2 protein chains.
Amino acid sequence: MLERMIRRTPRTHGEILAAAARRFAVTGYKGTSLQDIAREVGCSKAAVLYHFAGKEALLAELMAGPIAVLRELDERISALTGTAAQRVAAEGFVDLAVRFRGEIALLRGEFPELLAQPAFAHIQRISERLIEAMTGPDGGQDARVAALVLLAGIAEGCGAFADIPDEELRPALLAIAQRVLVTPAPPPPRPPLDHQHQD
Amino acid sequence: MLERMIRRTPRTHGEILAAAARRFAVTGYKGTSLQDIAREVGCSKAAVLYHFAGKEALLAELMAGPIAVLRELDERISALTGTAAQRVAAEGFVDLAVRFRGEIALLRGEFPELLAQPAFAHIQRISERLIEAMTGPDGGQDARVAALVLLAGIAEGCGAFADIPDEELRPALLAIAQRVLVTPAPPPPRPPLDHQHQD
DNA sequence: ACTTGCTCTGACCGATCGGTCAGTGTCTGA
DNA sequence: TCAGACACTGACCGATCGGTCAGAGCAAGT
């Protein structure tokens, strides 16, 4: 009887996931309804719920990649201290941001609330440790401000650089990180000629 | 007869506005319902709608201050070019961010969608011009990335510094801006010793 | 031909959203 | 004393949200 929406090729898991990512990136997580995603795919809302346990499950699967890398980075940093931790944190986060900029962009600044959800609770703690590491051995207020501005700027901004290939964006962000992070005062007696040294 | 919620002191315009700002700052604009605001004030949702035309009107009034300053900054910049525009843009935006960090924080990264609303359409254009000015005379890709990361970092991060007084936060952010923004290569004939030139 | 299992549908659920409305208590000036 | 403005209420509206459900269509196995 009702043949208007006949299924010729079944929708795949990944097809829906990609559509969700596209919508989330445009209208944010909260701002995207399951109806929107279904419309993008060309199926019913119920079909989306058939493939995924719920809206949260969609987001969780979308973020699984970057979250795994973030945890890995956290573990690597926790074994370090001082400038070593600072450098690894900055480089690691830049790498992560460049590689997963699509995923990060789709959160759009809804971090605070999304992180409040129990499913992402540990991310909150990791990003705090990341900022602490980026703050560096200096530990002063200026260093803390610099670390947070850098982290937020990269996280929030990297989604806007869709037109820049990875191999160009990464060094650009790394250069910014080197400039912005407060490194401890030059320890050896040395004329502070310029601001660009340290590997 | 129904005296359970007797009004002893009428709610003022400002009282509701302040409550809305508090809630928006915690749960974001979309994430805050009129019910939430009413609960914070201690009145009914209808009372909130009595004082304000709608949810949008609340946000508009809350953002009127920073928007006015932003427009003023835009006008000041439009009369300048090159490094002068770059410096004024950076300093002006830092001032704005410090002064209105509460208001900026409550947008929480919902900028993209909120700016899409016609009421804030001009803000979109202004921030684009601000980035262009911050990019500076260099105009290269790296300069553009630096400008956007700085802008996003300050906008997104300044809300997190509620514990730092204005007179400390301002110089800290200005120092970051000076470090991050790509200034034109030293103009006089000079050996290009390091890697910071490119047009 | 019949069964089984997968994919997907429209209809429907309760909750919540922004917003409207008729009416009610309180204060104030005439 | 009373009329009117003001501040505010609970009830209610249609829309939309995330999510559930019984069953239809279809392909493959037997």
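Remember, predicted model here, so these are calculated numbers, not experimental data. Letters A, B, ... mirror the listed sequences (proteins, then strands); counts begin at 1.
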Find the distance [X]:[atom1] to [N]:[atom2] and express it as a whole number of Å.
X       : N      : atom1 : atom2 : value
B/Ile16 : D/dA7  : CD1   : C1'   : 10 Å
B/Phe52 : C/dG18 : CZ    : C1'   : 16 Å
A/Lys45 : C/dT7  : NZ    : P     : 21 Å
B/His13 : D/dC8  : NE2   : P     : 13 Å
B/Asp36 : C/dA15 : CG    : P     : 17 Å
A/Tyr50 : C/dT9  : OH    : C1'   : 13 Å
B/Leu49 : D/dA11 : CG    : C1'   : 14 Å
A/Ile37 : D/dT16 : CD1   : P     : 17 Å

Kindly give the heavy-atom pair with the smallest separation between B/Ile104 and B/Ala97, and that separation in Å.
CD1-CA, 3.7 Å
Contact summary for A/Leu148 and B/Gly157, nearest pair of heavy atoms:
CD2-CA, 3.9 Å
Do A/Thr83 side-chain atoms and A/Gln86 backbone N/O form a donor-acceptor pair below 3.5 Å?
no
Counting N and O atoms only, with roles assigned by atom type, does the side chain of A/Arg101 sit under 3.5 Å from a partner on the main chain of A/Val98, one being a donor and the other an acceptor?
yes
Looking only at D/dC21, D/dC17, D/dG10, the nucleotide nearest the A/Gln35 side chain is D/dC17
Among the candidates D/dC8, C/dT20, C/dG18, find the nucleotide nearest to the side-chain atoms of B/Ala47.
D/dC8
Side-chain N or O of A/His51 versus OP1/OP2 of C/dC6: is the shortest distance under 4.0 Å?
no
Find out whether B/Val48 and B/Lys45 are in side-chain contact, i.e. whether some heavy atom of one side chain is under 4.5 Å from a heavy atom of the other.
no
Any donor-acceptor pair under 3.5 Å joining the side chain of B/Lys55 to the base of C/dG19?
no
Give one of base, sugar-phosphate or nothing for B/Leu34, where a contact means two heavy atoms less than 4.0 Å apart.
sugar-phosphate
Name the residue closer to the 5' end of DNA chain D, choosing between A/Ser33 and A/Ala46 according to the nucleotide with the nearest heavy atom.
A/Ser33
